[in-house]
K.L.:
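Pasting a structure below so you can have a look.
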Amino acid sequence: MIDPSVPIRNIQMKFAVLDGLVQVGQVSDRDIVETVLNLLVGGEFDLETNHLIQEADGVLCMLDLLRRCPAPTQAQVWATFTAMLRRSLRNRHTCTRVGLVRHLLLTVGGADDVIAELLVELLCVLAHYSIAVGELKLLLTLLRGEQGGIWPRHAVKLLSVLSLSTEPQTVGPDTFFSFPGHRAAAIALPPIARWPYQGGFTLSTWFRMDPLGSLSSDGDKPYLYCFRTNKGVGYSAHFVGNCLIVTSLKSKGKGFQHCVKYDFQPRKWYMISAVHVYNRWRNSEIRCYVNGQLVSYGDMAWHVNTSDSYDKCFLGSSETADSNRVFCGQLAAFYAFSDALNPAQIFAIHQLGPSYKSTFRFRWESDTHLADHHKQVLYDGKLCAALCFTYNAKATDGQLCLESSPRDNASIFVHSPHALMLQDVRATVTHSIPRALHSVGGVQVLFPLFSQLDHQRLPGDSHPDTSVCATLLSFLMDLLRSSLAMQEQMLATKGFLVIGYLLEKSSRAHLTRGVLEQFLSIAKYLDGLAHGAPLLRQLCDHILFNPAIWIHAPAKVQLSLYTYLSAEFIGTATIYSTIRRVGTVMQLLHALKFYYWVADPSCSTRITPKGLAVHPPNRSA
């Protein structure tokens, strides 16, 4: 067939040869799948041990080839390709770099139902990793309804691409260093003149292990960081299996080790903080925190008494940089403090999330909602003053990592503090869906989609798709959770007023139990926010206490709504400061007067009832 061991620079030629064989029918479907996967990885494909895409151009070549293959062959390749991307973040970055999201969006409209499902699943994986502003604009364009009230082909499926992942351990930083796990692939720091130990010191970062295979050999000891002199003394942390070992060498071959009692799983983000506490008259200590929580501590006489400079300093490698001593995975911003941080400080830093990369100077620098006591701990000036050095993937210039600590802080380096990315270490910048949405108008670009609720999937359908409203509300809920700016936009644009108006104009079929549950979830979330009262009030006025919407819903949905409002919602301690009591009572009386009548009031009064198209339950019901 085709030898994948030929130098990878001929990837386009190899796919051209395979394309010619496919067109003349000289290759079976099974051989097509096997050859395509082998060409992508540059050898014999195996999902466990050899699944990394070696050449980005091969992805677009594969896409062009599959357009001329039968549907079963396409389905098998796309299913395996999606598994490759789920397994490796580097594969996702490779596909993002060649603009695969745009190509898939332009392809999905002409695919059959089975292939469209697989392409949408692949789009979800890529969009949750990174999506450019232009790609999001194209997605929103493909969701725009056609004349005659028809959804574009597969547009309803594409709505699932907008959903956000909410598992904390799967949501990583938007910028990070990517370590390929090759020999000498590391970040080399300049020599450190003196190590800060008088007040203790703290090393903290977010990391994600991304091993090449499912198993590692017994000799593999990937280093997270290493700070040593030319005599081999200093501090380091390395992995043995899924455990992290923190080491302090006081002389060549002699020192102390501490095993962090935590099972670090591959392909999950963790925040590790190693706090070294210096005690003059008794044994010094080490305290290790994972995700802001103390998991391991013990005595460690760690102070290295040396006048030598630390000239072998690396992130993601030992001083030897052997292939079995280099880190394979991703690393977010790295911080070193000249102080032993306390548990409150460590937990508050964790609350900032993995995307934080600043220097703890300004209270409003982060879009993450923080409690007042966390802000006090973070921005009282102590963390900023104690910052020795920090590196992050955003502050780079080519292969140069710019040291980003405040200029007022005393430098501990011998000369320039900037570091260097060696070999194939890369600084990666991604764009999340909420961030891309900010660039195209924010949360209000979703409102036109609510106006399309009554659109039909196919011409001649008698009923609209009732899942669309719940899907849009779920995405809206994710946006409100993800960003304080989204909450402010929703309040400023009177978003719930617009959504309520559009629901009144839409078919009653959309008022399902799932839609009600989404609204109640938003209400519960806003009720738990210290600053959520204005937005919750807007939700109450225009959605929850709006009988013009719910009078058309099934009786069981209305019963669930008013049961919640009369019991759980009204019973909360903050509700009386959240909603206008007089206005709410008037709304309820108005609902009883005009909507929830038992006998038609127009016969005996001048009141013209509303909701006449709805058949109210009879007395026996």
Side-chain angles (χ1 to χ4, degrees), residues 1-23 27 29 31-43 45 47 50-71 73-112 115-139 141-142 154 158 161 178 180 424 426 428-431:
M1 180 62 63
I2 298 176
D3 186 5
S5 62
V6 176
I8 199 67
R9 62 179 178 272
N10 295 322
I11 186 71
Q12 295 178 347
M13 185 181 298
K14 294 178 185 179
F15 269 100
V17 173
L18 179 60
D19 192 5
L21 295 175
V22 170
Q23 293 187 36
V27 58
D29 293 347
D31 288 339
I32 293 174
V33 175
E34 182 179 347
T35 306
V36 166
L37 297 176
N38 289 345
L39 290 177
L40 286 176
V41 301
F45 170 77
L47 191 58
N50 188 20
H51 58 270
L52 291 181
I53 300 171
Q54 298 299 320
E55 180 61 40
D57 290 340
V59 176
L60 297 184
C61 293
M62 174 193 68
L63 179 63
D64 187 59
L65 171 68
L66 290 180
R67 292 193 180 103
R68 290 180 286 277
C69 293
T73 303
Q74 295 186 47
Q76 190 170 350
V77 172
W78 286 127
T80 308
F81 188 74
T82 302
M84 292 171 58
L85 266 59
R86 290 187 187 277
R87 195 162 186 82
S88 173
L89 190 144
R90 287 194 292 275
N91 283 346
R92 278 172 261 170
H93 180 66
T94 299
C95 294
T96 300
R97 223 162 21 96
V98 298
L100 183 60
V101 171
R102 182 177 184 84
H103 289 283
L104 292 177
L105 288 172
L106 295 174
T107 301
V108 69
D112 61 30
I115 302 302
E117 289 281 357
L118 293 171
L119 294 181
V120 168
E121 183 181 359
L122 179 57
L123 281 168
C124 289
V125 175
L126 290 173
H128 291 163
Y129 170 73
S130 180
I131 184 169
V133 174
E135 294 166 345
L136 182 61
K137 290 174 66 176
L138 176 59
L139 173 59
T141 300
L142 295 176
H154 303 311
L158 284 173
V161 178
S178 181
D424 294 327
R426 295 288 182 267
T428 302
V429 179
T430 64
H431 306 278

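The structure displayed is predicted, hence computed values, not measured ones.
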K.L.:
Give the table of side-chain donor-acceptor pairs shorter than 3.5 Å for residues 102-109, with sequence neighbours excluded, one pair per line with atom names and distance.
P.N.:
from, atom 1, to, atom 2, distance (Å)
T107, OG1, R67, NH2, 3.4
T107, OG1, H103, O, 2.7

K.L.:
To the nearest 0.5 Å, what is the distance between CG (L66) and SG (C61)?
P.N.:
11.0 Å

K.L.:
Side chains of D64 and F15: closer than 4.5 Å at any heavy-atom pair?
P.N.:
no

K.L.:
What pairs of residues pass the salt bridge (charged side-chain N to carboxylate O under 4.0 Å, His left out) test when at least one of them lies in residues 73-84, not counting sequence neighbours?
P.N.:
none

K.L.:
Would you give the length of the straight line joining atom CG of L37 to atom CG of L39, rounded to the nearest 0.5 angstrom?
P.N.:
9.0 Å

K.L.:
Just to verify, what does D112 make a side chain to side chain donor-acceptor pair (under 3.5 Å) with, not counting sequence neighbours?
P.N.:
none

K.L.:
Take V41 and L52 through the side-chain contact (heavy atoms from CB on, under 4.5 Å) test and state the conclusion after the steps.
P.N.:
CA-CA 6 Å; V41 301; L52 291 181; 5.9 Å; no

K.L.:
Taking side chain to side chain donor-acceptor pair (under 3.5 Å) as the definition, give me every residue that meets it alongside H93, ordered by chain and number, with sequence neighbours left out.
P.N.:
Y129

K.L.:
What is the minimum heavy-atom distance between L85 and I53, and which atoms define it?
P.N.:
CD1-CD1, 4.5 Å

K.L.:
As an exercise, state the distance from CG of N91 to CG of L40, rounded to the nearest 0.5 Å.
P.N.:
9.0 Å

K.L.:
Please confirm whether the backbone N or O of Q23 pairs with a side-chain atom of R68, one donor and one acceptor, at under 3.5 Å?
P.N.:
no

K.L.:
Is the shortest heavy-atom distance from the side chain of R92 to the side chain of T94 under 4.5 Å?
P.N.:
no

K.L.:
Could you tell me if the side chain of I131 sits less than 4.5 Å from the side chain of H431, heavy atoms only?
P.N.:
no

K.L.:
Do T96 and T430 make a side-chain contact, defined as non-hydrogen atoms from C-beta onward lying under 4.5 Å apart?
P.N.:
no

K.L.:
Step by step, would you call T35 with N38 a side-chain contact (heavy atoms from CB on, under 4.5 Å)?
P.N.:
CA-CA 5 Å; T35 306; N38 289 345; 5.7 Å; no

K.L.:
Is there a side-chain contact between V36 and F45 (heavy atoms, below 4.5 Å)?
P.N.:
no

K.L.:
Which pair of non-hydrogen atoms, one from I115 and one from A71, has the smallest distance, and what is that distance?
P.N.:
CD1-O, 3.5 Å

K.L.:
Does some side-chain heavy atom of F81 sit less than 4.5 Å from a side-chain heavy atom of V125?
P.N.:
no

K.L.:
Considering only heavy atoms from C-beta outward, does the side chain of K14 approach that of L18 to under 4.5 Å?
P.N.:
no

K.L.:
Is the backbone N or O of Q76 less than 3.5 Å from a side-chain atom of T80, with the two atoms forming a donor-acceptor pair by type?
P.N.:
yes

K.L.:
If you measure from OG on S178 to CG on D424, what distance do you get to the nearest 0.5 Å?
P.N.:
9.5 Å

K.L.:
Taking all heavy atoms of A116 and all of A111, pick out the closest pair and write down the distance.
P.N.:
N-CB, 4.0 Å

K.L.:
For the side chain of D19 and the backbone of L65, is there at least one donor-acceptor N/O pair under 3.5 Å apart?
P.N.:
no

K.L.:
Find the distance between OG (S88) and NE2 (H51) and round it off to the nearest 0.5 Å.
P.N.:
5.0 Å

K.L.:
Mind checking the CE-CG spacing from M84 to N50? Nearest 0.5 Å is all I need.
P.N.:
8.5 Å

K.L.:
Can you name the side chain to side chain donor-acceptor pair (under 3.5 Å) partners of D57, sequence neighbours left out?
P.N.:
none

K.L.:
Which pairs, with at least one residue in residues 76-86 and sequence neighbours excluded, count as a salt bridge (charged side-chain N to carboxylate O under 4.0 Å, His left out)?
P.N.:
R86-E121

K.L.:
Go through it in stages, so that I can follow the logic: the residues are I32 and C69, the test is side-chain contact (heavy atoms from CB on, under 4.5 Å), and I'd like the CA-CA distance, side-chain angles, deciding distance and then a yes or no.
P.N.:
CA-CA 9 Å; I32 293 174; C69 293; 4.2 Å; yes

K.L.:
Give a yes or no on whether the backbone of G42 and the side-chain of Q54 come within a donor-acceptor separation of less than 3.5 Å.
P.N.:
no

K.L.:
Does any part of the side chain of V120, heavy atoms only, come nearer than 4.5 Å to the side chain of H154, both counted from C-beta?
P.N.:
no

K.L.:
Minimum heavy-atom separation for G99 to E135, with atom names?
P.N.:
CA-OE2, 4.1 Å

